[in-house]
Amino acid sequence: QALTFLRLQLSQKPETPLPVSAMEEPRNVTTLNGIEITGWDETESRLAVDARWAEDTSGIDACRKCGSVGASFSEHDWPQKKINDTPWRGKPVGIRLSRCRYRCDGCGGTFVSRHEGIHQSRSMTTALVDYIKEKSLGADRFVTLAGRVGVSEGTIRNIAREHIQELDKKATKLTKIPKVLGVDEVHVPGTGPETGPHLVIADAEEKTVIQMRKDGSSGSLREYLYDLKMRSATTDHETEVVVMDMTVGYRNAVQDRLPGAKIVVDKFHVIRKANNAVQDVRRSLMNEESDETRKAWKRKKDDLEKQPDELNSKRWRKLKKGLNGFPPLKEAYKMKNRFRNIFRLEDRSEASKAFDGWKESLPGNLSDNFEDVIKPLSNWRNEILNYFDVQYTNGCVEGLNRAISQISTEGAGYDFKTLRGKVLYGLERRKAAHSNTSVDFERIPRRGRMKVDCGVPFEVIAEELELE
């Protein structure tokens, strides 16, 4: 291992400074105002600045050692401190700052000049700390951000955690009471307890995540709803609707903590069970078919979950032709579509009758496959029918869950606190950044049309046909 490390070190070429012709005259490109630039060392990958700073003694009211007011000070020495600053032209910036150290003529104690642009507890400028706080919640991975500013990944992680704690304190006071609450759980990629399930709570109207908890149990939801209820008591707003999947513990928690809220089962969760029933029929039929037929129907898996009007004419013709060869699958597909169409109704009583009619018309040979659809129509009937009163779904929460999984994948090992912070405080920034990169083609000025010779004009062809 030692020899391998030595060979690696010898193989790396030392970083060479830029040629004199490419270097600029030293000037203050840092975020520290008032410092005197004494040197400038720029390479292809970083910039090092030598500078001096002496605090004006007239602004020092008392000795910082003995506290004597009106004491006089004399220059002692110029110790150097290395400070990181915000990137310049995409390069990390380091400042070798020599600060004047003063001696108190009264007590003999010494203290170093202070600069308001230097962070009190870190060897970096306050501007860099703010830069890291802002970027750490964005799409950049910590290791990427660390390389850009010239600090360790651990430093980035610590600053991000501190920033998240600051935002949590502000959010406790600023978060409004949502009218429509979306409740779901998310599993993030990976292994171990950090993968979840985590509880995700969203404002279904604003389509934003307002809380995320490591524990996805009903007890965790009950605790959050209690806090929400206490905050609602001090305002004129309250949560009127809670959209969720069919988790009994979640339903009990809402009924206990928010008895006045209407519980709505997410229609997509119910429809998914109908889609699963069709796939169950497909798999059972394909067990007796050839590998070629089985693979062909597996490729049609997505088409089976769509309505005919959601497929183009070519795909629908192929699916229809294939279904004619498998009557049980054709019947299952037909029943699934009839079930989905019920959710296009707008009246609760009509939907209730339609569900009963659908259940009665279900063929006996498909009852086992559609058992997970039939049971909720009894156990969760009121919550399913509530959808037709308010027309709210958890579609936005499902989309947010995909975004959460993507953030976790990008981080390649974020702990839950970091993941939660990036979701609560960085997800909207990512959306804004993404929307800013979109191009409005209607606003692009056109500089005339390009003339292309595409053969004989249609007018000439028309004239020839008329002559004939």
Side-chain angles (χ1 to χ4, degrees), residues 24-42 46-138 140 142 145-146 148-152 154-170 425 429:
E24 303 180 22
E25 287 295 325
R27 66 184 191 278
N28 190 5
V29 296
T30 73
T31 60
L32 298 181
N33 297 323
I35 63 174
E36 177 189 356
I37 305 300
T38 60
W40 179 290
D41 179 18
E42 182 183 3
R46 53 99 179 150
L47 172 66
V49 177
D50 292 309
R52 287 163 57 94
W53 164 254
E55 188 177 1
D56 186 1
T57 55
S58 62
I60 305 175
D61 298 330
C63 174
R64 292 168 185 162
K65 288 292 184 178
C66 65
S68 176
V69 178
S72 59
F73 313 101
S74 57
E75 182 179 315
H76 181 61
D77 59 2
W78 290 79
Q80 188 182 83
K81 181 179 179 65
K82 294 181 180 180
I83 300 170
N84 291 94
D85 197 12
T86 55
W88 179 73
R89 293 182 177 176
K91 301 177 181 181
V93 175
I95 307 173
R96 295 187 286 257
L97 185 63
S98 298
R99 298 180 296 171
C100 180
R101 178 152 49 193
Y102 293 103
R103 179 185 294 274
C104 175
D105 295 336
C107 68
T110 61
F111 57 89
V112 180
S113 297
R114 293 176 180 174
H115 193 294
E116 61 181 5
I118 301 176
H119 196 268
Q120 293 183 356
S121 59
R122 298 188 181 279
S123 297
M124 57 182 66
T125 62
T126 54
L128 179 57
V129 174
D130 293 338
Y131 178 88
I132 293 173
K133 286 180 179 180
E134 177 71 20
K135 297 297 182 181
S136 65
L137 296 180
D140 290 330
F142 288 167
L145 183 56
R148 186 186 308 159
V149 300
V151 301
S152 68
T155 299
I156 301 292
R157 194 179 301 277
N158 291 335
I159 293 176
R161 286 174 179 170
E162 293 173 3
H163 185 42
I164 291 170
Q165 291 176 357
E166 295 170 358
L167 294 174
D168 280 341
K169 293 178 181 178
K170 296 179 181 178
Y425 310 118
R429 303 181 193 187

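All values below come from the heavy atoms of this structure, side chains included, with hydrogens, waters and symmetry mates left out.
A distance of 9.5 Å separates CD1 of Ile83 from OG1 of Thr30, quoted to the nearest 0.5 Å. Atoms CG and CG, on Leu47 and Asp85 in that order, are 9.5 Å from each other to the nearest 0.5 Å.
Within the 4.5 Å cutoff, the side chain of Met124 has heavy atoms near those of the Ile132 side chain. Proximity of Ile35 to Leu97: side-chain heavy atoms (C-beta onward) are separated by under 4.5 Å at one or more points. Looking at heavy atoms from C-beta onward, Thr125 lies out of side-chain contact with Tyr131 at the 4.5 angstrom threshold. Within the 4.5 Å cutoff, the side chain of Arg99 has no heavy atoms near those of the His115 side chain. Put simply, the side chain of Tyr425 reaches to within 4.5 Å of the side chain of Ile164, judged on heavy atoms.
Taking the ring pair (Phe, Tyr, Trp, His ring centres under 6.0 Å) definition, one finds that Phe73 meets it with Phe111, sequence neighbours left out. Residues that satisfy the ring pair (Phe, Tyr, Trp, His ring centres under 6.0 Å) test with Phe142, not counting sequence neighbours, are Tyr414. Evaluation of the side-chain hydrogen bond (donor to acceptor under 3.5 Å, both in side chains) rule for Lys82 yields no partner, not counting sequence neighbours. For Arg148, the salt bridge (charged side-chain N to carboxylate O under 4.0 Å, His left out) criterion is met by Asp140, not counting sequence neighbours. Under the side-chain contact (heavy atoms from CB on, under 4.5 Å) criterion, Ala54 pairs with Trp78, Cys100, Tyr102, sequence neighbours left out. With sequence neighbours left out, Glu162 forms a side-chain hydrogen bond (donor to acceptor under 3.5 Å, both in side chains) with Arg122. In terms of the side-chain contact (heavy atoms from CB on, under 4.5 Å) criterion, residue partners of Glu166 (sequence neighbours excluded) are, by chain and number, Lys133, His163. Not counting sequence neighbours, the partners of Ser152 by the side-chain hydrogen bond (donor to acceptor under 3.5 Å, both in side chains) test are Thr155. Not a single side-chain hydrogen bond (donor to acceptor under 3.5 Å, both in side chains) links Gln80 to another residue, sequence neighbours left out.
Checking Thr38 against Asp50 by side-chain atom types alone, no donor-acceptor pair falls below 3.5 Å.
Listed by first and then second residue, the salt bridge (Lys or Arg N to Asp or Glu O under 4.0 Å) pairs involving residues 69-80 are Asp77-Arg101 (not counting sequence neighbours). Applying the salt bridge (Lys or Arg N to Asp or Glu O under 4.0 Å) test to residues at least two apart or on different chains, none of the pairs has a partner in residues 104-116.
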Taking distance alone, no hydrogens or angles, what donor-acceptor pairs closer than 3.5 Å link side-chain atoms of residues 59-69 to residues at least two apart or in another chain?
| unit_1 | atom_1 | unit_2 | atom_2 | d |
| --- | --- | --- | --- | --- |
| Arg64 | NH1 | Glu55 | OE1 | 3.1 |
| Arg64 | NH2 | Glu55 | OE1 | 3.4 |
| Arg64 | NH2 | Glu55 | OE2 | 2.7 |

